[in-house]
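Chain naming here is simple, since letters A, B, ... match the order of the sequence lines and numbering starts at 1 in each. These numbers come from a predicted model, not from an experiment.
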Amino acid sequence: MPELPEVEGFKRYLDATSLRQRITSVKVRDTYVLQGISARELAQALKNHRFENSRRHGKHLFVRADDHLWLRLHFGMTGSLQYLNGDEEPPKTARVLFHFAKSNHQLAFDDQRKFGEVGLIKNVDEFLKKRGIGSDALDIGFPEFKSILRKHGGAVKAILLNQKRIAGIGNLYADEILFRAKVHPAANARRLSDRDLATLFRATRYVLEKATVRRTDGDQLPKSWLMTHRGKEGKCPRCGHKLKSGTVGGRTSWFCARCQKRK
DNA sequence: CTAGATGTTAAGGT
DNA sequence: CACCTTAACATCTA
């Protein structure tokens, strides 16, 4: 489930395993994943280069292979990375394999449900601009956060989910953030007070940062979180009330109707 | 068998 | 223009 914390986890994983090794070949097993580039072009461009460093923005991961050459990864709904030893068989759903010189290791871009994207770009900032991606959710300061929510009406959750406004928050963490801030997902953003917005901002940072740490350590998310109770039989970890669900911003939302008032 | 699932986007309606 | 809903993509699981 790659939202910001998971993609940050992939970044750290890639940084820890795959930097500074000469790339000997790139195999694309399924070309649906490629965006604006052919398998041959991708392989040709990366061959004999090394991944130097990486950068995450929202749910995108960019890996620098040269001054003007960045690999772009988006994980869709089910994407992930796996670093494999020479004798390890990549999973069937590995769509792209980056082969390294060092003892036949390879990095696999796995993507069961085929919503992922792999591309090559020259300039990360230009790419983000062209796509209209907003500021990263952990990069944003309160003044910017506030003005984004003040500027747009509609359900607060829809704004949090909109990557053009704030990048990195997906359906599950949006619910978690709203739960923590005690804000109803369908509440109109314009009707939130300054105090609500401040709480929401703090909740956003807390949830995303905490989830990133938990993920990195391989720990479960806290039981006090909504996410671990999502589902029909779920009860609010704060008040014990049965959780409710509804559609907001086109996605299923879980929330506690007692703790999260619509206002 | 059916519905729904972490993401994104397009199309259509109000 | 602002906002909403629905559908679509591919595949798996409850």
Handout entry: Per-nucleotide protein contact string for nucleotides 8-14 of chain B, where B marks a base within reach and S marks sugar-phosphate only (heavy atoms under 4.0 Å, - for neither)
Key = BS-----
Problem - Nucleic acid footprint by protein, nucleotides 8-14 of chain C - heavy-atom cut-off 4.0 Å, B for base, S for sugar-phosphate alone - result: -BBBS--
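Side-chain polar atoms of A:T93 and A:D111 form no donor-acceptor pair below 3.5 angstrom. In this model, a donor atom of one side chain and an acceptor atom of the other lie less than 3.5 Å apart for A:S135 and A:E144.
Of all nucleotides present, none satisfies the Watson-Crick or G-U wobble test against C:dA10 with each distance under 3.5 Å.
Between A:I166 atom CD1 and B:dG7 atom P there is a gap of 15 Å when expressed in whole angstrom units. Rounded to a whole Å, the CZ atom of A:R190 is 10 Å from the P atom of C:dC4. Here the P atom of nucleotide B:dG7 and the CG atom of A:D111 are 13 Å apart, to the nearest Å. Separating the CG atom of A:D175 from the P atom of B:dG7 is a distance of 10 Å, rounded to the nearest angstrom.
Within the nucleic acid shown, A:A155 comes within 4.0 Å of sugar-phosphate atoms alone, with no base atom in reach, counting heavy atoms only.
Taking 4.0 Å as the cut-off between side-chain N and carboxylate O, A:D136 and A:R56 count as a salt-bridged pair. Using a 4.0 Å cut-off between charged nitrogen and carboxylate oxygen, A:D194 and A:R150 count as a salt-bridge pair. A salt bridge does not link A:D125 with A:K129: every distance from a Lys NZ or Arg NE/NH1/NH2 to an Asp or Glu carboxylate oxygen is 4.0 Å or more. Under the 4.0 Å criterion applied to side-chain N and carboxylate O atoms, A:E176 and A:R214 are not assigned as salt-bridge partners.
Among A:K261, A:R238, A:R258, the single residue meeting the side chain to side chain contact (heavy atoms under 4.5 Å, CB included) criterion with A:K182 is A:R238. Looking at A:R22, A:R64, A:Q21 one by one, the single match for side chain to side chain contact (heavy atoms under 4.5 Å, CB included) with A:R50 turns out to be A:R22.
Here the separation of C:dC1 from B:dT8, taken at their C1' atoms, is 23 Å to the nearest Å.
A:T252 has a side-chain polar atom (N or O) that falls below the 4.0 Å cut-off from OP1 or OP2 of B:dA5.
A cation-pi arrangement is absent between A:R202 and A:F142, since the terminal nitrogen or guanidinium carbon is not both under 6.0 Å from the aromatic centre and inside a 45° cone about the axis.
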